[in-house]
Structure formats: C-alpha cells, structure tokens
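A short worksheet on the structure shown next.
Note on naming: letters A, B, ... go to the chains in the order of the sequence lines (proteins, then strands), and numbering restarts at 1 for each one. All values derive from a computational prediction rather than experimental measurement.
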Amino acid sequence: MATARTTDLPTVYQPQHVEERIYRFWEEGGFFTPDPSAKGRPAFSVVMPPPNVTGSLHLGHAWNNTLQDILVRRRRMQGFDTVWVPGTDHAGIATQTRVEKTLLAEEGLTRHQLGRAAFVERVWAWKNRYGDLITRQVRALGASCDWTRERFTMDEGLSRAVREVFVRLYEEGLIYRGNRIINWCPRCGTALSDIEVEHRDLPGRLVHVAYPLADGSGELVVATTRPETMFADVAVAVHPEDPRYRGLIGRMLKLPLTDREIPVIADEYVDREYGTGCVKITPAHDPNDFEVGMRHQLPAPRCIEADGRLNDTAGAYRGMDRETARRRVVEDLARQGLVRKVEEISHAVGHCSRCDTVVEPYLSEQWFVRMAPLAEAAIAAVRRGELQFVPERFERVFLHWLENVRDWCISRQLWWGHRIPAWYCDACGGITVSRTDVTACSHCGSSEVRQDEDVLDTWFSSALWPFSTLGWPDATPDMARYYPTSVLVTAYDILFFWVARMVFTGLRFTGRMPFHTVVVHGLIRDAEGRKMSKSLGNGVDPVEVIEKYGADALRFTLATGTSPGNDQRFYWEKVEGSRNFINKVWNASRFVLMNLGDGPLPPLRREALTIADKWILHRLALTVQAVDASLDRLDFGEAGRALYDFAWDDFCDWYIELSKLSLYGSDEAAKAQTRAVLVHVLDALLRLLHPFIPFVTEEIWRHLPVHDAPALAVAAWPQAEVADVDERIARQMQVIQEAIRSVRNVRSERNVPPGKPVALAVRVQDEETARLFAEARPYLMRFCQLHTLDIGTEVAVPAHAVTAVVTGAELFIPLADLVDLAEERQRLEKERDRLAAEVERAEKKLANPQFVARAPAHVVEAEREKAANYRSKLEAVEERLRALAEGV
RNA sequence: GCGGCUGUAGCUCAGAGGGAGAGCACCACCUUGACACGGUGGGGGCCACAGGUUCGAUUCCUGUCAGCCGCACCA
C-alpha cells in the first residue's frame with residue numbers, strides 16, 4: 001500500500017472506513033498463516049474455543065477472542081512461529097433445538113415428520129449459514145487466526161478422531177453400555193450428563209403417605225416429594241437399626257391405588273432423622289433408589305415414559321404428565337384417608353440447562369465413559385504441575401470436580417451429531433464397535449446389523465479439539481510442530497464441560513497435556529451485574545458495538561476491563577471511553593505525521609537529547625517493561641492500563657506539548673531531533689498497542705516512515721531500552737511538572753484569563769536547580785503563559801505576589817490587583833498546615849527507633865528525603881507568611 | 001452443608017506490606033496551529049466491621065456482616 005498524504009487523515013478516526021480493508025490486507029497478505037521460514041523459531045500455538053453454530057457471537061466470545069488475540073499477536077511480533085486455529089462447534093442439542101423450532105414455526109413440521117436424513121440436511125444448511133456468519137464476526141473482531149486451518153467439529157477429519165477415541169476407549173473397557181439411571185429431559189427427549197443439569201432450590205411438598213400392612217395389622221408412613229412415582233415402587237426401606245420399624249422388616253405392604261404388594265426392606269441408606277424414617281423405593285425413577293434396588297435385587301419397573309407421561313403401570317393415571325399425576329394421586333390418597341401430613345419444604349430440583357424443563361431421573365440403556373481411571377490420571381498430572389491455572393484458584397475447583405466425577409453419559413437421543421459407532425446384530429444380539437461402517441456382525445457374521453440410532457454428547461468431540469484440529473490421529477506436521485498447544489483461554493463456566501475433558505482425553509491419547517497454561521476469565525454481565533441471557537433480553541450484540549464504535553474500541557474495553565478470573569460489566573460509556581482513547585492515539589499520530597517535514601527522517605541520536613526527550617524515552621522504557629511483565633503473567637488489564645496512561649498522560653499531554661517548542665521554532669537541528677524522537681516513540685507505542693487495538697494501529701503505521709516489515713502485524717515487538725531508564729531525569733522532569741502545575745493552579749484560582757501573560761520569579765535553592773529551570777525556561781514560558789521569567793538563588797520577591805513552593809524552589813507570581821493579601825495569607829496557611837502535617841508524619845516515623853532499625857535501609861532513606869523536602873518547603877512557606885505579616 | 005469470589009470516590013473498577021488511584025459523573029475556566037471523542041484547574045474516600053501478625057496493615061492472617069457464584073444434597 002502506498003503511503004497516503006497525511007493531510008488526508010480525517011480529524012476523527014472512522015473505524016467503519018478502515019477495519020474491513022485492513023482485515024482483508026492481513027488475510028490476503030497471509031500474515032496469520034505460519035511462515036515456513038519460521039520453523040527454526042519457537043512455536044506458539046493456540047486453539048480457539050469453538051463458538052457454537054447455534055446463532056451468532058455474544059460479548060463473551062468477543063472477550064475470549066480479544067484476550068487470545070492479544071497473546072497471539074504479541075508472540076507473532078516477538079518472532080514466534082505462531083498459529084491460532086479457529087473453528088466452530090456443531091453444538092448438538094442447542095443447534096438441533098433451534099432448527100426444530102424454526103421448522104415448526106415456518107413449516108409446521110416436526111423433525112419426525114420430516115425424517116432423519118432430511119432433517120439432518122436442514123441442520124447442515126443452518127450450520128453453513130450461521131457458521132459463515134460467525135466466522136465473519138470473528139474477522140470483524142480482528143482475530144488474527146489462521147483461516148487456512150479452520151475446523152468444524154463434524155469435519156471428516158475430526159469425525160475420524162471421534163471414532164478413533166470411541167473405539168479405543170471401548171476396546172480398553174473405558175466405554176460401556178449400560179442400563180442406568182440418567183438425567184432425562186422430557187422436552188428435549190434425550191439423556192443429559194450430570195453437568196447439563198442445573199439444580200435450583202424450589203418450594204415443594206413432602207407428602208406423608210400411609211402404606212397399610214398387607215395383613216391389616218397396621219401401616220407404615222412414607223414421606224415423599226414424588227407421590228406420582230409410587231406405581232413404580234418396589235419396596236419400602238427402613239434403617240436396619242431403627243427400633244420403630246425393626247420388627248416390620250420382611251413384612252408386606254399394600255401399595256395404595258394399586259393391587260400390588262411390596263416388601264419392607266432394611267437398608268443403611270435410610271436416614272432415620274428425615275421424614276418418617278421410611279422411604280419408598282422406586283429404582284427406575286431415583287438414582288439412590290436404583291442403588292438400593294441393586295443391593296436387594298429388586299425389579300425396576302418404570303411408570304413414567306420418555307415423554308414425561310405416566311404409562312400403563314399407573315393404571316387410571318396413564319397419560320397424565322408428572323405434575324397432574326402428582327396432584328391427582330395426592331387427592332385420591334387423601335380421599336382414601338391415607339395422607340397423614342403435608343410438609344412445605346424447599347428442595348433442589350434438577351432442570352435441563354438447555355430448556356429449563358425439570359429433568360426426570362430415568363432408567364435407560366445408555367453409553368458411558370468410565371471416569372475413574374481417566375480422572376485419576378488427570379489429577380496426578382495437575383498435581384505434578386503440568387497444568388498452570390491463571391489465576392491459580394481455579395486449580396482447586398478443577399481438582400475437586402475430578403475427584404468426585406461420576407461416569408459420563410455420552411449418548412444423546414438426537415439426530416445432529418456424531419452417530420455412535422456401534423452396530424447391533426439382530427441375529428445374535430452382539431455389539432460391534434468399529435472405526436469404519438459395519439456391514440456384517442463381528443460375532444456371527446450376519447448382515448442384519450443396524451447402527452445405534454443415537455449420537456454422542458457434543459462435548460465428546462470438543463474434548464479432542466486441541467489435537468483433532470491439528471490432524472490427530474494422523475501424525476501430521478502440525479501435530480509434531482504445534483502440539484501441545486501453548487495456552488488455552490476460556491471462561492470459568494466451561495471448566496468442567498470442556499477443559500477437564502480435553503485434559504483427560506489429551507493425556508490418554510497423546511500422552512501429554514493439551515496445553516500447559518489455562519487462562520480463566522470471567523463472564524460478561526449487564527450494567528446491573530446480571531448475566532446476559534436471551535430470556536432476559538439484556539444481551540448486547542458485539543456487532544452492534546463494532547458498528548457504532550469500532551472493533552478496537554470493543555477490544556480495548558474488554559481487555560482493560562479484565563481482572564484475572566473476575567466477571568466484568570458491560571457499559572456503553574466504557575466503550576465510548578475506549579473510542580475516545582483510540583481517537584486520541586489517532587490524533588497524536590496525525591500530529592506526528594503532520595510535523596515530519598519534507599526531508600528524510602533523521603536518525604535518533606541519543607547524544608543530543610533534551611530533558612524532555614530523555615524523559616519520554618525513560619517513560620517508554622518503563623512502559624515496555626510494565627507491558628511485558630503484565631502480559632507475561634497474563635494480566636491483560638494491567639498491560640492495557642499502562643499503555644493508556646503512557647499514551648495519554650506522558651506522550652500526548654506532556655511530550656507532544658513539549659515538542660511544539662522545537663517544532664514551531666527555527667532551530668532546524670533541534671526540529672530534526674524532535675521529529676526523530678516523536679517517530680521513534682510513536683512507532684514503539686503503536687507496536688505495543690497493536691495486540692490490543694490492531695486496526696487503528698495498523699492503519700496509522702502504514703503512514704509512518706518506518707518500513708522494517710510488510711505490516712505492523714508482523715513487525716518486531718519493542719525491546720525495553722534499559723539504557724534509557726534514567727531516574728535522575730525523571731526527578732528533574734517531576735520538578736518541572738510540579739512547577740508548571742503550581743503556576744497553572746495559581747492562575748486558575750486567581751482567575752487569570754488563560755490568554756493573559758504573567759511574570760514569574762523563581763528563587764532556587766542551589767545552582768543545580770538553577771540550571772534545571774534555565775533548561776526548562778522555554779517550557780515554563782509556554783506552558784504558564786509568561787512574559788518574563790527570572791531565575792536565581794537571590795531573586796527578590798516581587799510586590800503583590802502569590803507564592804508557590806515546589807521541590808527546590810519558590811515561585812513568585814506578581815498579580816498586583818488580583819491579589820488579596822488576606823486571601824493569600826489564608827492560602828499559605830492552608831499550605832503550611834498541610835506541609836506541617838506531612839513533616840510531622842515523616843518525623844514521627846523516623847523518631848521510632850524500631851522503624852529505623854527494622855525497616856529496609858532504602859525505605860528509611862526515602863523517608864528521610866521526604867522529611868527533608870517537606871521541611872524545606874515548610875520553611876519557605878513560613879518565611880513567606882512572616883514577610884506578609886511584615887507587609888512585604 | 002463444603003468451597004470460592006466480591007466489599008476502596010456518586011457510579012464502574014484498578015491497586016499494593018512503607019505518603020489512597022483511574023475512567024465516567026460533578027464544579028470552574030478555555031474554539032491555544034493533533035484531538036471538544038479535546039485542554040487546564042478543582043472538589044470528593046474512618047479502603048465493610050472487629051481482632052491478630054508486623055517497626056509499619058487499606059494490602060497478610062482469623063472471625064463477623066453483606067452481596068454473588070460453584071459443588072453436594074435425604075426420600
């Protein structure tokens with residue numbers, strides 16, 4: 001791209017005119033695809049948490065991608081062989097549900113009416129549409145991922161990885177099929193894993209129901225919250241040592257509303273304190289009861305079917321839904337005089353995390369992953385320190401979950417997903433699990449085989465993402481080069497869903513952690529602190545933010561709002577602030593470009609620098625160090641804030657203003673020197689800012705007369721110039737800034753019109769300070785609007801002057817008519833009190849022998865300096881007050 | 001019940017064992033040749049509470065209170 005004329009740059013940065021073009025420039029330039037020549041350099045690889053193809057991105061994705069992009073872009077600029085693999089997730093239930101809803105709304109059809117093949121085709125169409133939308137949005141964010149490596153969880157290659165893992169786990173006995181109690185969502189019509197169930201405390205009724213003894217000699221009262229499941233009761237359990245019921249063990253009870261009889265059994269599972277101490281046992285509809293049933297070899301009849309309605313077992317209640325049946329059963333029991341008590345209680349009820357329907361513990365044949373050995377390996381590896389959590393506290397949560405994890409139900413009664421690679425033989429009943437499609441039973445050879453109808457849990461394929469995207473199970477060059485990946489960035493809400501599963505599959509199948517570091521960030525909330533959700537309608541569309549303020553503004557907001565592991569709230573005002581910052585950088589750059597002059601840029605020569613030059617280079621060096629340190633420990637917020645402060649306060653408010661002295665002067669050599677410094681600092685600043693706000697920095701950088709790379713995106717990351725760190729210069733500059741601020745303060749407080757020049761007399765303490773003020777003379781003249789400036793150790797106090805005391809000097813501003821002596825005395829007295837308090841504080845500290853003896857020497861020394869400084873200022877103020885009293 | 005996070009200016013949030021910070025909001029002034037998406041100056045805080053450790057605590061430890069979030073839940 002040719003360098004445009006800088007005068008063409010608008011005074012307000014317009015991201016809408018820049019971002020799309022810049023992204024195209026990057027992508028067409030291939031800057032995000034690893035350069036084969038980089039092979040000699042260390043690798044840095046990241047896999048993007050794949051967004052669901054359900055719909056579109058939300059702010060959480062924007063945040064997540066921003067953080068990753070900051071890491072990736074910096075590493076790329078640091079010369080690493082960098083790759084960031086993007087992609088999307090098929091999101092089984094979520095996507096299927098969306099398509100089903102659309103189908104019903106638009107065509108009035110259910111998926112069953114359409115048929116499996118046709119339905120799956122519809123979902124693919126949806127995937128293509130929304131997958132594209134999402135990748136466009138990821139581009140709009142400026143994510144520097146390698147689109148040539150884009151993956152989808154149902155790609156051919158990734159599907160092969162899924163089958164490979166399934167088959168190997170099956171062969172190793174870590175996947176099994178079993179008839180177990182699982183969480184069933186009657187609305188979604190599928191099994192769920194434990195973590196897809198959300199428990200919420202809800203008010204409920206604990207109904208005490210009398211079960212009469214079969215011989216009519218009495219009754220047992222059971223307490224239940226689920227009376228509608230009584231048709232599937234197979235026993236009533238009591239504690240073996242409960243004296244109330246010991247004699248009844250083995251007796252038979254009449255199951256009310258039925259003509260069945262069930263036994264009283266003894267099991268230690270029963271809590272004697274709770275309810276009546278008698279528990280009805282319903283193995284098919286309660287996980288604990290299932291365990292009890294197993295121990296006692298009881299049958300497990302079902303009375304509720306997959307659709308959440310009662311079946312024939314329930315006799316007259318057949319066809320009713322759970323709620324209705326519950327009400328009717330209690331009514332009927334009451335009518336028969338069998339309800340002894342109804343307690344209002346609060347209890348946790350499981351809800352489908354997808355659709356919020358109350359889940360039904362449900363006995364059915366499902367596929368499971370045996371977790372114990374896998375979790376054990378993962379725990380051991382984490383304990384060995386093979387995985388770092390940032391912040392650390394998430395390690396405990398992670399381990400706790402793994403330590404208590406139960407077998408993972410992986411089969412889903414859905415159509416959208418990876419079909420389970422198991423075939424059942426109608427001839428011999430055998431199961432064949434295979435990497436390739438099966439046409440003949442592996443046990444009897446019969447061709448009457450049919451594949452399992454179900455698909456796998458979405459997270460089964462996401463669990464393989466870090467290696468399946470790199471080509472596993474094949475030994476690809478990418479696997480060799482980029483696996484394990486360098487870091488994973490994710491929100492804490494999918495630690496168990498995703499991170500834990502990647503860890504144990506990674507360990508099992510590649511023998512390594514899929515990443516050595518996990519950066520865990522929080523969730524984005526609305527202005528009231530509520531989670532953003534579709535049902536609340538409080539979500540903010542990142543595309544809308546980008547259209548209004550630009551992707552850079554959104555990114556900068558999210559990055560600087562990051563505090564490790566914590567949530568952040570979204571405010572439009574924050575985005576506006578970021579937009580303003582970006583505009584500030586834009587205009588500072590315009591200033592530099594407009595003042596470049598015609599000739600070639602002179603080299604930066606450090607031997608002829610002004611105090612201002614040295615100071616800004618000092619500040620820059622410290623900023624590079626701060627940004628590097630923050631990013632090295634993955635603290636994005638701190639890094640962003642350090643850049644904000646440097647760019648706005650140091651560079652714009654001070655250095656650019658100071659640079660105008662020479663730029664608008666006539667000393668050509670000084671002018672050239674200033675230009676060199678301006679360009680040097682701006683160039684470094686743009687490089688440092690680039691990972692945060694890539695678009696605007698790339699756009700500006702094109703105009704800079706710096707051409708060591710084809711794009712800022714692949715330009716070298718700045719090195720901290722340690723030699724530029726100069727504390728003496730920093731202290732000197734501080735004195736000058738203090739003086740300038742003091743005079744400005746006086747002018748403002750005395751209502752001196754901004755345009756009106758005043759005189760300033762500076763009485764300095766020593767020759768060194770005199771030289772400093774002499775050097776700073778032009779700065780003071782301009783910044784304080786002076787017409788005269790006297791500097792010396794012996795300068796006289798002008799008449800009607802306002803006094804300000806700074807480190808090493810007294811400033812006198814004669815204001816004649818504007819000075820009210822009484823007011824001036826008051827002002828100085830206030831200043832005297834403030835200084836006296838400071839002196840007292842410091843001296844008290846120094847008077848404490850323990851402090852002097854035990855505190856580190858440099859702290860004591862710093863305290864002495866402070867005390868001396870304040871004492872000297874205090875003396876000057878007091879002397880001035882004495883003089884005023886004498887009418888001087 | 002177990003575990004975690006948060007409590008700092010009106011609001012949103014940083015911070016750190018050694019004199020309380022930012023942005024926004026607020027007040028006053030300013031179209032100064034990069035920028036009004038700007039500049040200059042200013043006001044505003046027992047750093048939730050109570051103990052402890054320390055020469056020194058807003059920062060570390062313990063407890064209390066308040067808000068939030070996980071995990072586990074006995075029908």
**Asked** Is there a side-chain polar atom (N or O) of A:N566 under 4.0 Å from OP1 or OP2 of B:A14?
**Response** yes

**Request:** Using both distances under 3.5 Å as the test, list the Watson-Crick or G-U wobble partner of B:C26, or none.
**Result:** B:G42

**Message:** What verdict does the side-chain contact (heavy atoms from CB on, under 4.5 Å) test give for A:K660 and A:F591, after you've listed the backbone C-alpha separation in whole Å, the side-chain angles of each residue and the deciding distance to 0.1 Å?
**Reply:** CA-CA 10 Å; A:K660 290 175 181 173; A:F591 172 82; 3.6 Å; yes

**Under 4.0 angstrom between A:R579 side-chain N/O and B:C37 OP1 or OP2** = no

**Message:** What's A:D653 touching, base or sugar-phosphate or nothing? Going by heavy atoms closer than 4.0 Å.
**Reply:** sugar-phosphate

**Message:** With a cut-off of less than 4.0 Å, is there a side-chain N or O of A:N404 near OP1 or OP2 of B:C71?
**Reply:** no

**Asked** Is any side-chain N or O of A:E657 under 3.5 Å from a base N or O of B:A34, one able to act as donor and the other as acceptor?
**Response** yes

**Message:** Nearest to the side chain of A:R393, heavy atoms from C-beta on, is which of B:G4, B:G39, B:A75?
**Reply:** B:G4

**Message:** Between A:K574 and A:T560, do the side chains contain a donor N or O and an acceptor N or O under 3.5 Å apart?
**Reply:** no

**Prompt:** Taking only N and O in the side chain of A:K574, is any of them less than 4.0 Å away from OP1 or OP2 of B:C11?
**Reply:** no

**Request:** Answer with yes or no whether the side chains of A:W408 and A:D194 bring together a donor and an acceptor at under 3.5 Å.
**Result:** no

**Request:** Could you check which of B:C73, B:G41, B:A14 has an atom nearest any side-chain atom of A:A348?
**Result:** B:C73

**Request:** Please answer whether B:A75 and A:Y274 are stacked, defined here as ring centres separated by less than 5.5 Å and planes angled under 30°.
**Result:** no

**Message:** So, does A:K844 get its side chain near the phosphate of B:G56, meaning an N or O under 4.0 Å from OP1 or OP2?
**Reply:** no

**Asked** Taking N and O atoms by type only, does the side chain of A:D201 place a donor or acceptor under 3.5 Å from a partner on the base of B:C73?
**Response** yes

**Request:** Look at the side-chain N and O atoms of A:S563 and state whether any lies under 4.0 Å from the OP1 or OP2 oxygen of B:A14.
**Result:** yes

**Message:** Does a side-chain N or O of A:R396 approach OP1 or OP2 of B:G4 to a distance below 4.0 Å, or not?
**Reply:** yes

**Message:** Within the 4.0 Å heavy-atom criterion, would you say A:R744 contacts the bases, only the backbone, or no part of the nucleic acid?
**Reply:** sugar-phosphate

**Item:** Side-chain donor or acceptor of A:D289 paired with backbone N/O of A:H285 under 3.5 Å
**Value:** no

